[in-house]
Amino acid sequence: MSSLSTRDLRRDEFEALVDRVYEPLQRYARRRTDAESASDVVAEVLLVLWRRLDDVPADALLPWCYGVARRVLANTRRGDARRLRLVDRLTHEAVEGSATAVTDTAEHDLTLHAALQRLRPADREVLFLWAWEQLEAREIAIVLDMTPNAASIRLHRAKRRLRQMVDAPDAVTDGKTGVTSGHTGPGDSKET
Amino acid sequence: MDERDDQLRARLARIDPMPRAVSTDPPTSANAQDLRETIMQTAESTPTHDEEPRRPRTVLFIAAAAAVVVLAVGAYAIGSSDDTDDDIAVDTESPEPTELALTLAPTDPMAICIVVDPTVLAPSEIAFAGTVGGVTDSSVSVDVDHWYKGGDADVVTLSIAEGNDVALDGVAFESGDRYLVSATGGTVNSCGLTGPASPEFEAMYAEAFGG
């Protein structure tokens, strides 16, 4: 019976980790950039994962990977300042009322989009990690490389600010609740 | 407060640009496996002296400023025949393993080496990574381990015409070492667009060609 070499063990471990993070990483990246750049981001993260296999925290694999993806995205953006972030583009298109392939699958919640637009990017970032990646504060801390306390506070404040923006009377809403135009989802039709 | 939290979270989730309904590439896909293999070979190609014994080193400085001959062998035909004065033979029979031949570009003493950027790399027609096997006075053979773009041959031969002996911008092809090679029009790109594989260079190739 031959023992596995260190290299074989590393390969097995890497493959097992890739199985767990490959699809979530695609989702993370495609929420934040175009499809082509997203696949570059995923490849880059997996490369880092392979090279730093020993550094990966077992209990926070995905947040750690998101953290790497976030840095890769930031580096990419430094070289391409013209590229609108996907959320900004979505917001812009939702407010303009135009439909795209992406906004067809996302609800046209104009109130929410307008409110998000008024937040700082750092607030949006924690809110999306919370709501889209479904991370808790201690996991967000790993993504953003801060203490769990700091992440907790930032998330709490971001939620509060978003609620304020959403509840604030403005041109998009005709009351405290709801959306005045658009439809609530694919297949739904709602009177405007 | 918790209920308000849940409602807010759900409301944000409804504008998710990548909801469950939108599919992603599964880890079992050919794409994913290819990516994994490339990555795992990347780290292994970094020389660690306690691993396999290195093959004997033969340094070949590829002559540039030379007209070159393109031969396309195997299932893959390069196609372009407008770059050189020499005759170009295109042979589309397919021996095994599949092979591809490219020429090394003549150096232009007036050319300035641009800082390599993915946007400069991306228009290349051909890009691959591989390890140099055989080296002769006039050609270098590369065993391809990853195709980024433009082909699927197992072996690529880089050739120069006889009698030329000028270096390809300082790229020394050594038997046993791994290189990233890009080419357009049957001619290998020089000047920083082709060279020894390194993690940074690989990341640049991955960014230029999408992995």
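Keep in mind that this is a model prediction, so the values were computed, not measured. Quick note on labels: first sequence line is chain A, next is B, and so on, each numbered from 1.
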Check: How would you list, by chain and number, every residue that makes a salt bridge (charged side-chain N to carboxylate O under 4.0 Å, His left out) with D25(B), sequence neighbours excluded?
Finding: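 Per chain and number, D25(B) pairs via salt bridge (charged side-chain N to carboxylate O under 4.0 Å, His left out) with no residue.
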Next item on the list: Return the set of residues passing salt bridge (charged side-chain N to carboxylate O under 4.0 Å, His left out) with R52(A) (not counting sequence neighbours), or none when no residue passes.
Entry: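 Only D55(A) meet the salt bridge (charged side-chain N to carboxylate O under 4.0 Å, His left out) criterion with R52(A).
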Next item on the list: Measure distances from L127(A) to the heavy atoms of chain B and classify the residue's part below 4.5 Å as side chain, backbone, both or neither.
Entry: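 For L127(A), backbone and side chain are both near chain B.
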Notebook entry, point to check: Between E23(A) and chain B, which part of the residue has a heavy atom less than 4.5 Å away: side chain, backbone, both or neither?
Noted result: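 E23(A) touches chain B through backbone and side-chain heavy atoms alike.
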Would you mind checking which part of [X] comes under 4.5 Å of any heavy atom in chain A, side chain (CB onward), backbone (N, CA, C, O), both or neither?
X	answer
A13(B)	both
Q7(B)	neither
S23(B)	backbone

Item checked: Winner by heavy-atom pair count (cut-off under 4.5 Å) against chain A, out of P26(B), A208(B), A206(B) ->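 Looking at each of P26(B), A208(B), A206(B) in turn, P26(B) comes out on top.
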Item checked: Heavy-atom closest pair, residues L46(A) and F14(A) ->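 For L46(A) versus F14(A), the nearest heavy atoms are O-CE1, 3.4 Å.
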Item checked: Side-chain touch R4(B)/R163(A), heavy atoms, less than 4.5 angstrom ->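 Yes, at least one pair of side-chain atoms sits under 4.5 Å.
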Margin query: Run the side-chain hydrogen bond (donor to acceptor under 3.5 Å, both in side chains) test against R120(A) and tell me which residues pass, sequence neighbours left out.
Written below: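 Listed in chain order: D123(A).
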Checklist line | Derivation of the side-chain contact (heavy atoms from CB on, under 4.5 Å) call for H146(B) and F128(B) | finding: CA-CA 6 Å; H146(B) 179 67; F128(B) 60 90; over 6 Å; no
Item checked: Presence of salt bridge, E13(A) and R7(A), under 4.0 angstrom ->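 Salt bridge: no.
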Next item on the list: Look at E37(B) together with R11(A) and state whether they make a salt bridge at an N to O cut-off of under 4.0 Å.
Entry: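 Yes, E37(B) and R11(A) are salt-bridged.
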Item checked: For chain B, which residues of residues 136-143 of chain A have heavy atoms nearer than 4.5 angstrom ->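 Against chain B, the residues of residues 136-143 of chain A that fall inside the cut-off (heavy atoms, under 4.5 Å) are E136(A).
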Note to self: Once you measure the plane-to-plane angle for Y148(B) and F209(B), does it fall in the parallel (<30°), tilted (30-60°) or perpendicular (>60°) bin?
What the structure shows: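 Tilted, since the angle between the ring planes falls between 30° and 60°.
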